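To start, the structure itself, in structure tokens.
Each ligand, and each atom within it, is numbered from 1 in the order the structure gives. Bear in mind that the values here come from a model prediction, so they are computed numbers and not experimental data.
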Amino acid sequence: MEKINYPLTQRRLRTDTHIRELTASVHLSHKSFIQPLFVNESLNQPVALNGLNGVQSETISSVLQTIENDIQHGIHKFLLFPVPANKVANNFDFSFATNVVKAIKENFGNDIWLATDVCLCSYTTHGHCGILNEDHSKLLNNKTVDVLSKYAAELAAAGADCIAPSDMMDGRIAAIRNILNALSFDGVSIMSYSAKFSSQLYGPFRDACNSAPNTHGIQNRKSYQISPFNINDAIASSLRDEEQGADILMIKPAGLYTDIIAALKQQTLKPLAAYHVSGEYAAIEAMVQQGFMQREAAHAEVWTALLRSGANMIISYASRNAKDWIERIVY
Ligand code: PBG
Ligand code: ZN
């Protein structure tokens with residue numbers, strides 16, 4: 001019998017950490033990370049959030065402490081979700097949100113970059129991202145866009161560095177860019193949730209913001225968020241938002257949608273943000289708790305997938321751990 005020879009081909013470059021580091025296609029840096037923050041008007045004390053280990057719902061004073069801590073850990077970029085105490089169907093009051101933005105920016109100024117969510121789902125009694133018609137069978141696009149753009153202007157006036165509309169109405173990016181420019185907030189950027197899918201993975205977030213749809217009318221967000229079956233809609237929506245003035249395009253969820261990140265990367269020169277959402281985060285944490293995964297390596301593996309597919313920045317609930325974890329990553 002002739003002896004078969006199996007020559008080493010790829011494995012020489014997998015031998016040890018040194019060569020694995022040298023041959024890596026991507027490297028993680030905490031500089032690419034944005035930390036979400038929840039501030040809830042109805043709280044007197046911060047509370048831990050279900051499913052989102054390491055993240056709490058904050059009061060105005062606790063969020064200042066949290067940001068201080070995050071800065072100590074090298075995290076300077078934040079995405080703020082203000083949650084008002086009172087829910088209404090119309091005539092929204094944005095003063096809590098603007099007070100939070102003011103408090104944060106007065107304390108930290110340009111040491112931090114503060115993006116603020118713009119949406120109505122944590123404001124509405126019914127939990128939808130905009131204004132519904134009388135019998136709750138339709139979400140009214142234009143009325144919603146008018147309210148959202150006023151909200152965006154108030155946040156910019158309060159000091160937000162970036163406006164991040166997550167509502168998924170048509171035309172909101174142009175409307176927001178217009179009003180910001182008209183009020184001389186032309187230096188405030190827009191990070192559009194341009195490819196936001198109608199997903200099962202937002203559960204812990206809706207729990208945190210008390211923002212799940214809960215009405216006799218439309219029961220889900222499929223008439224405004226993108227269908228997971230539709231790649232073209234995600235690309236078209238993103239390119240449209242770019243045209244309307246978005247500075248940063250976002251793909252959300254991230255881990256299940258790396259095909260969208262990669263496809264969009266081919267079609268735009270705008271920076272891409274990947275939002276590893278609450279359900280994706282909670283799923284990893286649950287596996288870790290069962291002993292099936294090593295926490296830091298598991299999150300880092302997802303993050304590398306987002307970078308490989310073309311994301312410039314990552315929104316993760318574990319951003320505040322990114323620096324510590326990344327330093328200790330074993331390639
Ligand atoms: C609301 C909003 C959602 C998220 C960000 N903004 C949830 C939703 O659309 O119901 C999800 C974030 C997460 O799950 O981490 N417009
Ligand atoms: Zn919403």
Side-chain angles (χ1 to χ4, degrees), residues 33-40 49-57 78-84 87-89 92 94 97 115-132 139-141 144-145 147-148 151-152 155 162-170 172-173 176 191-215 218-228 234 237 248 250-257 273-286 299 302 306 314-319:
F33 283 79
I34 301 171
Q35 174 68 48
L37 298 168
F38 299 95
V39 186
N40 191 324
L49 288 171
N50 282 334
L52 298 180
N53 297 334
V55 183
Q56 48 183 24
S57 201
F78 300 92
L79 176 57
L80 173 68
F81 295 97
V83 183
K87 311 264 181 195
V88 291
F92 303 95
F94 300 120
T116 303
D117 184 68
V118 163
C119 195
L120 296 177
C121 50
S122 62
Y123 287 84
T124 52
T125 42
H126 45 69
H128 278 289
C129 297
I131 297 166
L132 297 182
L139 203 161
L140 303 172
N141 196 83
T144 302
V145 170
V147 174
L148 293 172
Y151 184 15
L155 294 168
C162 176
I163 299 298
S166 65
D167 55 288
M168 297 305 283
M169 298 303 108
D170 281 344
R172 87 255 207 237
I173 300 301
I176 291 172
M191 174 164 68
S192 175
Y193 287 68
S194 64
K196 175 175 177 178
F197 290 88
S198 174
S199 173
Q200 286 300 306
L201 293 162
Y202 305 147
F205 176 96
R206 291 179 186 174
D207 198 45
C209 294
N210 189 11
S211 65
N214 63 91
T215 167
I218 37 177
Q219 316 262 328
N220 58 55
R221 305 206 201 287
K222 291 185 189 199
S223 71
Y224 45 105
Q225 299 182 347
I226 298 169
S227 163
S237 300
I248 302 169
M250 188 201 294
I251 297 87
K252 168 191 178 198
L256 289 184
Y257 294 85
Y275 193 156
H276 194 237
V277 298
S278 61
E280 299 182 281
Y281 177 83
I284 289 182
E285 291 293 305
H299 286 288
V302 173
L306 306 183
I314 295 173
I315 303 164
S316 165
Y317 291 97
S319 287

Could you list which atoms of ligand 1 come closer than 4.0 Å to a heavy atom of Cys121? 1 (C), 16 (N)
Any idea how Tyr193 and Tyr275 line up, ring-wise: parallel (<30°), tilted (30 to 60°), or perpendicular (>60°)? tilted
Can you find an N or O of Ser166 that's nearer than 3.5 Å to an N or O of ligand 1? yes
Which atoms of ligand 1 have any heavy atom of Tyr275 under 4.0 Å away? 12 (C), 15 (O)
Proximity of Tyr281 to ligand 1 by residue part, where a heavy atom lies under 4.0 Å: neither
Ligand 1 to Lys196, heavy atom cutoff 4.0 Å, flagged ligand atoms 1 (C), 2 (C), 3 (C), 6 (N), 8 (C), 9 (O), 16 (N)
Considering only the protein, which heavy-atom contact is closest to atom 10 (O) of ligand 1, and what is its distance? Arg206 NE, 2.5 Å
What is the SG(Cys119)-the Zn ion (ligand 2)-SG(Cys129) angle, to the nearest 10 degrees? 100°
I need the contact type for Cys119 against ligand 1. Using non-hydrogen atoms and a strict under-4.0 Å cut-off, is it side chain, backbone, both or neither? side chain
Ring geometry between Phe92 and Phe94 (parallel below 30°, tilted from 30 to 60°, perpendicular above 60°): parallel
In terms of atom number and element, which parts of ligand 1 are under 4.0 angstrom from non-hydrogen atoms of Tyr317? 12 (C), 13 (C), 15 (O)
Parallel, tilted or perpendicular: which describes the rings of Phe81 and Phe38, with under 30° parallel and over 60° perpendicular? parallel
Pair Tyr257 + Phe197: ring centers closer than 6.0 Å: yes
Taking only heavy atoms of Gln225, which atoms of ligand 1 are found under 4.0 Å from at least one of them? 8 (C), 9 (O)
Pick whichever of Gly203, Ala212, Ser278, Cys209 has a heavy atom sitting closest to atom 14 (O) of ligand 1. Ser278
For the atom pair CD1 (Ile226) and OG (Ser194), what is the distance rounded to the nearest 0.5 Å? 7.0 Å
Please report which non-hydrogen protein atom sits nearest to atom 5 (C) of ligand 1, along with the residue it belongs to and the distance in Å to one decimal place. Lys252 NZ, 2.7 Å
The Zn ion (ligand 2) to nearest N/O/S of His128 below 2.8 Å: no
Residue, atom name and distance, where the atom is the protein heavy atom closest to atom 12 (C) of ligand 1: Phe205 CD1, 3.4 Å
Has Gln35 got a side-chain atom pairing as donor or acceptor with Leu79's backbone, closer than 3.5 angstrom? no
Aromatic contact between Tyr317 and His276, with the criterion being ring centroids under 6.0 Å apart: yes or no? no
How far does CZ of Phe205 sit from OG of Ser211, to the nearest 0.5 angstrom? 5.5 Å
Rounded to the nearest 0.5 Å, what's the gap from OG on Ser316 to CZ on Phe33? Could you check? 6.5 Å
